[in-house]
Structure formats: structure tokens, C-alpha cells
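See below for the structure under consideration.
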Amino acid sequence: MRFTLIKDLKEDMAMKPLLNGLLLFILLYFIADFFVVNASLGLLHEDIKMTLFGNADEFVDPMDKSVFLEYIHGQIFFIMMILLTLSTVYVRLCSIKRYSIIVINTLMLSALLTLISLFLSYFYTPNLLNLYVVSFFIWHILAFIMALHSLWNLNFATSI
């Protein structure tokens, strides 16, 4: 995270391509994550419910507890890494105003709510699956916009 210590990114020729690459990979992660989550868990309430709890009428087995815990463990790690990296880049490249702080806090809370609501849905009540779906889309869309905004500022803003 050396870019947080550099005063002027234009003076360091190696950091701009590195940050461009990082932001492009973050954007690719979000695009790929939609496909991965859709294939492994589902993106809509009914698909997720069938994956987690199964369906006796269609002979679909519920997700095993160890598989679910492994899935949620992986999600915690990837979400943490993406959130910390993206928010650091966003704070460094984009001018911090009141709306920026609101966006970052909303991003963090919605990502955390995604993890908590899925966990509680699996172990306690499936009624929280709608909350999971909404928070999943909120954090993905906000993070995608933040990555695009950071990429734009890195390449086209005059204040950096």
C-alpha cells in the first residue's frame, strides 16, 4: 500500500500502472463474482433458499453445514480484502466529501450485512434471505462504482 504514502502519484511512474491494474482486477472480480455466486448459491431469493435448504419435491439436497461454513469463510476473506483495498484506493484518489464518507460507510455496512444475514438465514431464519439479496447487490454496485470512479480519477483527474 505504498501509494498511500506518496504525495504526488504523477511523480512515481510505477504506481499509476500498478493502481490501474489493481482497479481493473477489482472490476473483474465483481463481474466474475456475480457469475460465481449465481452458479454456487444463486442471486435471487428462491434460488438461494433452494440451494441452502433443498427441496424435497424436486429431490434437491440442502447445502451441508461444512460446505456452507467453508463458503462463508471464503467470502469473509475476499470481502475483507476487496473492501480494505478499494476503500484505501478510493480515499487516496477521490476527493473526500460528505457523500464519499457516506458511500464508504454504506459499502462497509452493506458488505457486513451481506455476511451476517446469510449466516443468520442459514442457521436461524430463512426470512433474512431478502435482506441478504438486497445488501449483496448494494455492496457490489457501490464497490463497482467506487472502482470506476477511482479509475477515472487516476487517469483523467488533474488534481492527482
Side-chain angles (χ1 to χ4, degrees), residues 1 3-4 18-154:
M1 298 237 194
F3 61 88
T4 59
L18 289 172
L19 285 175
N20 273 316
L22 175 69
L23 290 167
L24 287 174
F25 277 113
I26 287 174
L27 290 172
L28 287 174
Y29 168 81
F30 286 115
I31 293 168
D33 196 43
F34 272 107
F35 292 108
V36 169
V37 170
N38 187 37
S40 62
L41 192 64
L43 290 175
L44 303 175
H45 179 269
E46 290 303 317
D47 297 334
I48 300 167
K49 188 174 181 180
M50 187 177 298
T51 302
L52 292 179
F53 307 112
N55 187 339
D57 297 336
E58 296 181 22
F59 302 105
V60 176
D61 292 330
M63 183 182 272
D64 189 48
K65 189 183 294 187
S66 64
V67 173
F68 176 78
L69 290 173
E70 186 177 325
Y71 174 80
I72 203 84
H73 180 261
Q75 288 297 306
I76 290 169
F77 175 75
F78 284 115
I79 288 173
M80 175 197 60
M81 293 305 293
I82 290 292
L83 285 177
L84 294 177
T85 306
L86 181 60
S87 61
T88 304
V89 171
Y90 185 75
V91 165
R92 177 64 176 93
L93 295 176
C94 303
S95 61
I96 295 300
K97 297 179 181 166
R98 183 171 174 81
Y99 77 87
S100 299
I101 294 169
I102 292 170
V103 167
I104 291 170
N105 286 327
T106 304
L107 176 74
M108 298 275 183
L109 289 174
S110 61
L112 186 61
L113 194 57
T114 298
L115 295 169
I116 291 170
S117 61
L118 184 62
F119 184 83
L120 292 176
S121 293
Y122 184 79
F123 287 108
Y124 297 107
T125 176
N127 296 334
L128 294 174
L129 284 178
N130 284 328
L131 181 61
Y132 166 76
V133 171
V134 170
S135 59
F136 175 84
F137 281 105
I138 288 172
W139 100 259
H140 273 72
I141 291 168
L142 275 177
F144 196 82
I145 291 169
M146 284 173 62
L148 285 176
H149 188 208
S150 297
L151 197 59
W152 175 266
N153 281 354
L154 179 63

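For the single chain, residues carry numbers from 1 onward in sequence order. For clarity, every value in this text was computed on a predicted model and none was experimentally measured. When reading the values below, keep in mind they use all heavy atoms of this one structure, side chains included, and skip hydrogens, waters and symmetry mates.
For OH of Tyr99, the number of neighbouring non-hydrogen atoms (other residues, nucleotides, ligands) closer than 6.0 Å is greater than 12. Within 6.0 Å of CZ on Phe25 lie no more than 12 heavy atoms contributed by other residues, nucleotides or ligands. Within 6.0 Å of CZ in Phe78 there are 12 or fewer heavy atoms belonging to other residues, nucleotides or ligands. The number of heavy-atom neighbours closer than 6.0 Å to CZ of Phe123, taken from other residues, nucleotides and ligands shown, is above 12.
Looking at heavy atoms from C-beta onward, Phe68 lies out of side-chain contact with Thr51 at the 4.5 angstrom threshold. Counting only heavy atoms from C-beta outward, the side chains of Ile26 and Val89 never approach each other to under 4.5 Å. Side chains of His140 and Thr114 form no contact here, defined as non-hydrogen atoms less than 4.5 Å apart. Contact check for Ile145 versus Val103: no side-chain heavy atoms found under the 4.5 Å cut-off. In this structure, the side chains of Phe144 and Tyr29 stay at 4.5 Å or more apart for every pair of heavy atoms. Residues Phe136 and Asp33 are in side-chain contact: their nearest non-hydrogen atoms beyond the backbone lie under 4.5 Å apart. Under the 4.5 Å side-chain criterion, counting only non-hydrogen atoms from C-beta, Leu120 is not in contact with Tyr132.
Atoms CG and CG, from Leu41 and Leu129 in turn, are 8.5 Å apart once rounded to the nearest 0.5 Å. With rounding to the nearest 0.5 Å, the separation of CZ in Phe30 from CG in Leu142 is 10.0 Å. Between the CG atom of Leu84 and the CE atom of Met108 there is a distance of 5.5 Å, given to the nearest 0.5 Å. Annotation: the span from Met80 atom CE to Ile82 atom CD1 amounts to 10.5 Å, rounded to 0.5 Å. In this structure, the separation between OG1 on Thr106 and CD1 on Ile101 is 11.5 Å, given to the nearest 0.5 Å. In this structure, the separation between CZ on Phe77 and CD1 on Ile72 is 15.0 Å, given to the nearest 0.5 Å.
Residues Trp139 and Ile79 approach most closely at CZ2-CG1, 3.5 Å, considering heavy atoms. The nearest pair of heavy atoms linking Tyr122 to Asp64 is OH-C, 3.5 Å. Taking every heavy atom of both residues into account, Asp47 and Gly42 meet most closely at CB-CA, 4.0 Å. The two residues Cys94 and His149 come nearest to each other via the heavy atoms SG-ND1, 3.5 Å. A pairwise comparison of heavy atoms in Pro126 and Phe53 identifies CB-CE1, 3.7 Å as the closest pair. Listed here is the closest heavy atom pair of Phe119 and Leu69: CE1-CD2, 4.2 Å.
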I would like to know whether Leu151 and Asn20 meet side-chain contact (heavy atoms from CB on, under 4.5 Å); could you show each step before the answer? CA-CA 7 Å; Leu151 197 59; Asn20 273 316; 3.2 Å; yes
Just do the side-chain contact (heavy atoms from CB on, under 4.5 Å) check on Leu93 and Leu23 with the steps written out, would you? CA-CA 11 Å; Leu93 295 176; Leu23 290 167; 4.2 Å; yes
Stepwise, does the side-chain contact (heavy atoms from CB on, under 4.5 Å) test hold for Leu113 with Ile138? CA-CA 10 Å; Leu113 194 57; Ile138 288 172; over 6 Å; no
Would Tyr71 and Leu118 count as a side-chain contact (heavy atoms from CB on, under 4.5 Å) if you check the C-alpha gap in whole Å, the side-chain angles of each, and the deciding distance to 0.1 Å? CA-CA 11 Å; Tyr71 174 80; Leu118 184 62; 3.8 Å; yes
